[in-house]
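Proteins get letters first, then strands, A, B, ... in listed order; numbering begins at 1 in each.
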Amino acid sequence: MPIRMHDTLRRKKVDFSTIEAGKVSMYVCGVTVYDRCHLGHARCYLSFDLIHRWLEQSGFDVHYVQNFTDIDDKIIHRANELDGDWKKLVDENIETYYEDMDALNILRADDYPRCTDYVDDMIRITADLIEKGNAYVADDGVYFSIESAPEKYGMLTGQILENVRSGAGGRVDDTGKSKRDHKDFALWKAAKPGEPTWDSPWGAGRPGWHIECTAMSMDYFGAQFDIHGGGHDLRFPHHEAEIFQGECHTGCSPVVHHWLHNGFVNLDGEKMSKSLGNFWTINEILKKVDAMVLRFALINAHYRSPIDMNDALLNDAERNYNRVLECYVTSLKGCLAENNVPLPVADFASTNPLSKSLALLEKMGEGFAKAMDDDFNSREAVAKVLGAVREIMKMHNSDMDAVDSNAFSHYAIDWLEETAGAVLGVLPTREMALAEPEEDPRKLEIADEVDALLLARTQARSDKDWAKADEIRDALHQMGVVVTDTAEGPTWDLA
RNA sequence: GCACGGUUGUCAGAGCGGCUAUGAGCGGGGUUGCAGACCCUGAAACGGGAGUUCAAAUCUCUCACCGUGCUCCA
């Protein structure tokens, strides 16, 4: 079954086909490194991580390129607010970018080009566009002329040339004064005092934002490539500008065969933005929430739909994630020996519960693949994993004989590692899963006191002195300790 | 104004022509002194109107409402 994906340009799901059989060229717009990454970046690169993983899992050899925009107005402004050293600012933020993404178990792209390494290419492409009559030199830079290719306007977003708001009023940037038309966009910005500059045939200056991605993607992939991704907000004008540049420069139409855009993150129903003060950096949120729980929460939604991030969503994710984890650990502990016993044939109609269960899990596995094939529907895929977890736990809790239990545990581990592990990326390593959790120092401090109280409570319970037992439990609550009674006796943890 | 997307039970949110998911919540049961956790089980929805069809949450038209973009943005 072919993979289907939603192409922004064609505005529908299409069967995925590659330029070269078995290989995928994928370019995703990276971050402008003027600050730490926030939740929105996490969502974007997580979306494409899932796409990356599923394409690999489906047998494609994926060449994944993601850039860093390391020169731009915001970087210059931010550096000037600090010590003026934009290179230092850029390096620091690239460093923390990797830290944040690694924490979220996002697989590295194959290449992370920086746009300042591509200024020569951008100059070459700009010169070619001028020669072809698609761009013109003005007082303060070089601009792409929309009028030279009006048929390409609004391809991604359906903007109609006449309707785009006229006037460039309100631009923070004071370049753009000598544009012939307000819709034209800068390919090269003439030098301004105090800014980093590069030499060019049009004098000193620096490249425009849009031309970067064209230069870098073409360097890796040539005139055409399979997938171009990015945040929903980049469709206009950034990606439309790329279509103008790339297609006019190469003469290829299309340059990009599949346009993929991920949805945004809202916070408590409001758009996440700095002006509203509801910006969460990944770094901040990971102080409160386990990275795998955050990952689980973010993939538990289709990549194109907006996510409303709130505590309920995170609590939900935590509960479900722990369920998956528990199932994995139980299965790992269930493997007592090498598996050399064949499992029974999977059969829904069988009276053997193991055989029936295997049939169910097989079907869940197929459902998982079907969900991912259908425009990378990770939410549906997560649902299949949770369904399988329920089934696996049911079997673990049933009275299988030791041989079956061992064989089933091996099967369950394979199932989970292929889906929740390799594709969804939410399983820890086997070693980490089996490792005893490190004791919280706060817990050790009060352990003796708590144990003494629990002992008294156990005594009270066996005396059926419920009032006293509950009194002790309340006292423990006051200390921030939660008691849970199990068949093996009471256990406790910090709230 | 233009464009794109959406409106499904209490909530979140899949479903893309013939049973409807999943999770939380709620009801019943089990386990439990109780609570929690866990397990089993149940009820409950397709924005309004029209059309196509043997059959519509699903396709078409229409109305209403919501979100996002049109400016640097993942």
Side-chain angles (χ1 to χ4, degrees), chain A residues 4 6 8 11-13 28-32 34-35 37-48 66 69 72-75 77 154 156-173 176 182-183 209 229-238 240 261-266 269 271-274 297 300-308 310 312-313 315-317 319-320 322-323 326 367 371 374-375 377-387 390 393-394 397-398 460-467 469-470 473-474 477 482-487 490-491 493:
Chain A
R4 288 172 63 75
H6 184 270
T8 310
R11 284 167 207 168
K12 61 180 179 191
K13 284 185 201 169
V28 175
C29 285
V31 282
T32 300
Y34 71 102
D35 206 345
C37 290
H38 59 256
L39 211 44
H41 297 113
R43 155 87 132 148
C44 176
Y45 301 112
L46 210 40
S47 297
F48 288 100
Q66 190 194 122
T69 294
D72 137 296
D73 290 336
K74 279 192 199 161
I75 290 171
H77 289 154
L156 278 182
T157 53
Q159 302 292 337
I160 293 166
L161 210 45
E162 291 74 35
N163 289 335
V164 173
R165 196 166 66 191
S166 16
R171 291 205 61 174
V172 233
D173 194 358
H182 74 275
K183 294 183 289 296
W209 176 41
H232 191 251
D233 54 332
L234 295 183
R235 295 175 311 148
F236 186 96
H238 185 55
E240 298 230 340
H261 292 97
N262 67 277
F264 264 41
V265 179
N266 296 327
K271 188 188 167 183
M272 191 171 70
S273 79
K274 283 195 171 163
N300 194 202
H302 186 90
Y303 77 92
R304 279 189 289 123
S305 53
I307 289 184
D308 188 33
N310 53 52
L313 188 81
N315 290 339
D316 230 42
R319 187 171 309 161
N320 285 140
N322 285 334
R323 194 177 293 177
E326 192 200 339
D374 183 14
D375 199 24
N377 192 342
S378 56
R379 179 175 243 278
E380 184 70 13
V382 167
K384 295 297 173 194
V385 169
L386 290 172
R390 182 183 292 257
M393 287 311 280
K394 202 167 117 190
N397 292 327
S398 70
R461 289 182 73 205
S462 58
D463 294 345
K464 297 202 189 297
D465 186 350
W466 311 128
D470 289 346
R473 186 166 61 192
D474 287 345
H477 263 291
V482 179
V483 179
T484 305
D485 291 318
T486 69
T491 63
D493 206 342

Looking for any heavy atom pair under 4.0 Å, which part of the strands does [X] touch: base, sugar-phosphate only, or nothing?
{"X": "V265(A)", "answer": "base"}
{"X": "D316(A)", "answer": "sugar-phosphate"}
{"X": "K394(A)", "answer": "sugar-phosphate"}
{"X": "N320(A)", "answer": "sugar-phosphate"}
{"X": "G230(A)", "answer": "sugar-phosphate"}
{"X": "S305(A)", "answer": "sugar-phosphate"}
{"X": "N377(A)", "answer": "sugar-phosphate"}
{"X": "G263(A)", "answer": "base"}
{"X": "K464(A)", "answer": "nothing"}

Among the candidates [options], find the nucleotide nearest to the side-chain atoms of [X].
{"X": "W466(A)", "options": "A14(B), C38(B), G33(B)", "result": "G33(B)"}
{"X": "H232(A)", "options": "U22(B), A74(B), U68(B)", "result": "U68(B)"}
{"X": "F236(A)", "options": "C34(B), G25(B), C70(B)", "result": "C70(B)"}

Distance in angstrom units between [X] [atom1] and [N] [atom2], rounded:
{"X": "I307(A)", "N": "A74(B)", "atom1": "CD1", "atom2": "P", "result": "17 Å"}
{"X": "D474(A)", "N": "C34(B)", "atom1": "CG", "atom2": "P", "result": "17 Å"}
{"X": "H6(A)", "N": "G15(B)", "atom1": "NE2", "atom2": "P", "result": "12 Å"}
{"X": "M393(A)", "N": "C39(B)", "atom1": "CE", "atom2": "P", "result": "8 Å"}
{"X": "L156(A)", "N": "A3(B)", "atom1": "CG", "atom2": "P", "result": "16 Å"}
{"X": "H302(A)", "N": "A12(B)", "atom1": "NE2", "atom2": "C1'", "result": "16 Å"}
{"X": "D35(A)", "N": "C72(B)", "atom1": "CG", "atom2": "C1'", "result": "14 Å"}

With under 30° as parallel and over 60° as perpendicular, where do the rings of H41(A) and Y45(A) fit, or are they tilted in between?
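Ring orientation, 0 to 90° scale: parallel.
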
Does the R235(A) side chain pair with the main chain of H232(A), one donor and one acceptor, at a distance under 3.5 Å?
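Judged by distance alone, yes, a pair lies under 3.5 Å.
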
Using the closest heavy atom to pick a nucleotide of RNA chain B for each, name whichever of V483(A) or L313(A) lands nearer the 5' end.
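Closer to the 5' end of RNA chain B: L313(A).
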
Would you kindly compare C29(A) and L386(A) by the position of their nearest RNA chain B nucleotide and give the one closer to the 5′ end?
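It is L386(A) whose nearest nucleotide is closer to the 5' end.
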
Please name the nucleotide paired to [N] by Watson-Crick or G-U wobble geometry with both distances under 3.5 Å, or report none.
{"N": "U31(B)", "answer": "none"}
{"N": "C19(B)", "answer": "none"}
{"N": "C26(B)", "answer": "G42(B)"}
{"N": "G51(B)", "answer": "C59(B)"}
{"N": "U68(B)", "answer": "A3(B)"}

With rounding to whole Å, what would you report as the distance between C40(B) and G51(B) at their C1' atoms?
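46 Å, rounded to whole Å.
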
Under 4.0 Å from OP1 or OP2 of G13(B): is there any side-chain N or O of R304(A) that close?
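So the side chain of R304(A) is outside the cut-off, no N or O lying under 4.0 Å from OP1 or OP2 of G13(B).
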
Reckon R390(A) has a side-chain N or O less than 4.0 Å from the OP1 or OP2 of G23(B)?
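Indeed, a polar side-chain atom of R390(A) lies that close.
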
Is there a donor N/O on one and an acceptor N/O on the other, under 3.5 Å, for the side chain of [X] and the base of [N]?
{"X": "H38(A)", "N": "A74(B)", "result": "yes"}
{"X": "N266(A)", "N": "G67(B)", "result": "no"}
{"X": "R235(A)", "N": "C4(B)", "result": "no"}

Side chain to side chain contact (heavy atoms under 4.5 Å, CB included), that's the test. Do F264(A) and D233(A) meet it? Break it down for me.
CA-CA 8 Å; F264(A) 264 41; D233(A) 54 332; 3.1 Å; yes

Is Y45(A) stacked on the base of A74(B) when the test is centres under 5.5 angstrom and planes under 30 degrees?
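No, Y45(A) does not stack on the base of A74(B).
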
Please test Y303(A) against D375(A) for side chain to side chain donor-acceptor pair (under 3.5 Å), starting from the C-alpha separation and ending with a verdict.
CA-CA 9 Å; Y303(A) 77 92; D375(A) 199 24; 2.8 Å; yes

